[in-house]
Amino acid sequence: MPANKKILVLPGDGIGPEVMRETERVMDWLAKRRSFSYEVSRGLVGGSAYDAKGVSITDETVADAMAADAVLFGSVGGPKWDNVARQHRPEAGLLRLRKDLDLFANLRPAIVFDSMLDASTLKPEVVKGLDLMIIRELTSGVYFGEPRGSFKKPDGTRYAIDTQCYTAPEVERVARVGFDLAKKRGNKLHSIEKANVMETGVFWRAEVTALHKKDYASVELHHMYADNCAMQLVRNPKQFDVIVTDNLFGDLLSDCAAMLTGSLGMLPSASLGWADSSGRRRALYEPVHGSAPDIAGKNLANPIAQLLSLSMMLRYSFDDGASADLVDDAIQRVLASGVRTGDIMAQGARKVSTVEMGSAILAELDKLV
Ligand code: IPM
Ligand code: MN
């Protein structure tokens with residue numbers, strides 16, 4: 001692997017710093033044992049940045065993220081910042097990173113490993129062997145549409161507006177990611193919107209259909225309304241291979257899909273931009289779970305989603321599938337041996353802390369090489 005990959009680590013708030021610490025131990029291990037050569041810089045984001053700097057991310061940190069080969073992100077938010085103005089809220093730092101780095105394709109895999117079957121609230125036969133990928137559009141839609149805000153009519157009635165807007169290029173580029181990924185997997189793509197109610201839904205469906213006809217006719221394409229998709233995800237999730245959808249539906253459906261696996265603490269994600277002429281692609285890797293303020297600082301959090309985000313980084317940004325496989329295998333072996341954090345605790349398993357889970361995974365890594 002080429003030397004000196006630049007990684008910006010942004011642990012954030014809540015459980016972010018704890019799960020990131022375990023991930024950095026694995027990065028150290030990779031540096032020693034796999035000659036994974038990288039430079040880490042660290043920054044503040046979210047509430048911790050607000051407390052220190054008065055903003056949820058500074059311009060300097062955004063510039064560092066732009067210059068990095070990959071950003072490894074923890075989580076942001078917490079009740080402490082509930083009353084902060086919206087533009088300074090912890091989430092604003094994350095949204096700015098997504099927008100400024102133009103990370104329009106958010107890949108959220110939901111995989112059920114046999115060792116984890118008992119952690120799901122669904123019947124084992126419904127989720128056994130599940131392997132689906134949600135691609136969420138991440139830089140447009142109602143998260144960013146204008147106009148937005150709270151207003152008052154002349155008669156004094158107060159109201160608020162959010163705007164859902166999608167341009168043709170925005171739909172096309174994320175749909176392309178969906179089709180391309182489907183081709184590498186089960187060759188089946190579900191495109192999700194609400195064309196029965198929303199103009200943007202009708203538009204989304206037409207754009208995806210046109211692109212399918214033009215460049216991807218060999219991929220099996222299905223259109224589905226978002227409410228039906230939510231229902232189908234819990235009824236029969238194995239009908240899906242790749243799902244592509246907008247920012248807000250993607251937010252909801254990926255939480256739903258994540259829970260099929262038993263815990264939000266298990267799900268990583270990759271947010272990718274377009275590759276530039278040199279093939280370099282901006283990328284940010286983060287767990288799907290949030291900052292879990294209720295268990296923050298207690299050494300209880302599950303570090304696996306953060307670790308799997310590292311593994312996605314190795315795979316997608318650094319083209320190092322072998323190291324990624326090692327990390328994934330070590331995690332599988334630890335789970336199969338019955339070592340569990342509280343969120344995925346099962347009968348007969350050994351309950352461990354965040355740090356103990358990290359140590360167990362490092363011990364498996366040692367055995368694997
Ligand atoms: C996610 C989170 C974020 C989102 C929040 C923290 C802004 O829920 O990444 O899914 O809504 O996109
Ligand atoms: Mn979410």
Side-chain angles (χ1 to χ4, degrees), residues 10-17 19-20 44-50 55-57 62 65 71-82 84-110 132-145 148 162-164 166 170 174 192 226 229-230 233 243-261 263-273 282-294 296 301-302 305-306 308-309 312-313 343:
L10 300 175
D13 310 321
I15 61 170
V19 295
M20 192 66 86
L44 294 173
V45 68
S48 51
Y50 179 79
V55 287
S56 56
I57 191 162
V62 173
V71 179
L72 194 59
F73 190 97
S75 52
V76 289
K80 182 175 176 198
W81 303 283
D82 272 353
V84 172
R86 190 171 58 82
Q87 73 270 27
H88 292 313
R89 284 182 60 86
E91 292 80 2
L94 173 59
L95 296 178
R96 178 166 171 206
L97 274 176
R98 289 173 178 171
K99 191 70 175 173
D100 286 8
L101 273 64
D102 201 18
L103 305 170
F104 66 91
N106 181 217
L107 276 52
R108 299 191 160 187
L132 72 86
M133 178 72 90
I134 296 191
I135 299 167
R136 166 187 177 193
E137 198 292 324
L138 202 60
T139 50
S140 184
V142 77
Y143 272 63
F144 296 98
R148 63 185 294 154
D162 288 294
T163 301
Q164 163 94 330
Y166 270 104
E170 284 170 345
V174 76
I192 311 298
C229 181
L233 272 173
I243 288 174
V244 65
T245 189
D246 76 14
N247 205 339
L248 182 60
F249 292 144
D251 182 42
L252 308 180
L253 295 172
S254 63
D255 266 31
C256 182
M259 210 50 212
L260 300 172
T261 69
S263 170
L264 270 177
M266 296 290 296
L267 270 294
S269 84
S271 306
L272 307 174
R282 291 229 167 86
L284 178 148
Y285 299 86
E286 58 172 316
V288 171
H289 64 67
S291 57
D294 52 322
N302 183 350
Q306 189 76 62
L308 290 172
S309 300
M312 284 188 99
M313 181 180 88
D343 57 313

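Computed over heavy atoms, backbone and side chain alike; hydrogens, waters and symmetry mates excluded. In each ligand, atom 1 is the first atom listed, and ligand 1 is the first ligand listed.
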Provide the number and element of each atom of ligand 1 under 4.0 Å from a heavy atom of R98. 1 (C), 4 (C), 9 (O), 12 (O)
Check whether any side-chain N or O of E286 sits under 3.5 Å from a backbone N or O of V288 as a donor-acceptor pair, and report yes or no. no
Please determine which of L95, V76, L97 meets the side chain to side chain contact (heavy atoms under 4.5 Å, CB included) test together with I57. L97
Do D246 and Q164 get their side chains close enough for a donor-acceptor pair, meaning under 3.5 Å? yes
To which protein heavy atom is atom 4 (C) of ligand 1 closest, and what is the distance rounded to 0.1 Å? Y143 OH, 3.4 Å
What protein heavy atom lies closest to atom 2 (C) of ligand 1? Include the residue and the distance to one decimal. D251 OD1, 4.1 Å
Could you check whether R136 makes a cation-pi contact with Y143, meaning its NZ or CZ is under 6.0 Å from the centre of the six-membered ring and within 45° of the ring axis? yes
Do side-chain atoms of S254 reach the backbone of G250 as a donor and acceptor pair under 3.5 angstrom? yes
Indicate yes or no for a side-chain donor-acceptor contact from D13 to the backbone of G77 under 3.5 Å, with no hydrogens or angles considered. yes
Nearest heavy atom to atom 1 (C) of ligand 1, choosing from R108, E91, H289, belongs to R108
Would you say E286 has any N or O atom under 3.5 Å from an N or O of ligand 1, going by distance alone? no
The Mn ion (ligand 2) -> D251, closest N, O or S atom is OD1
The atoms of ligand 1 lying under 4.0 Å from a heavy atom of R136, numbered in the order shown, are 1 (C), 4 (C), 9 (O), 10 (O), 11 (O), 12 (O)
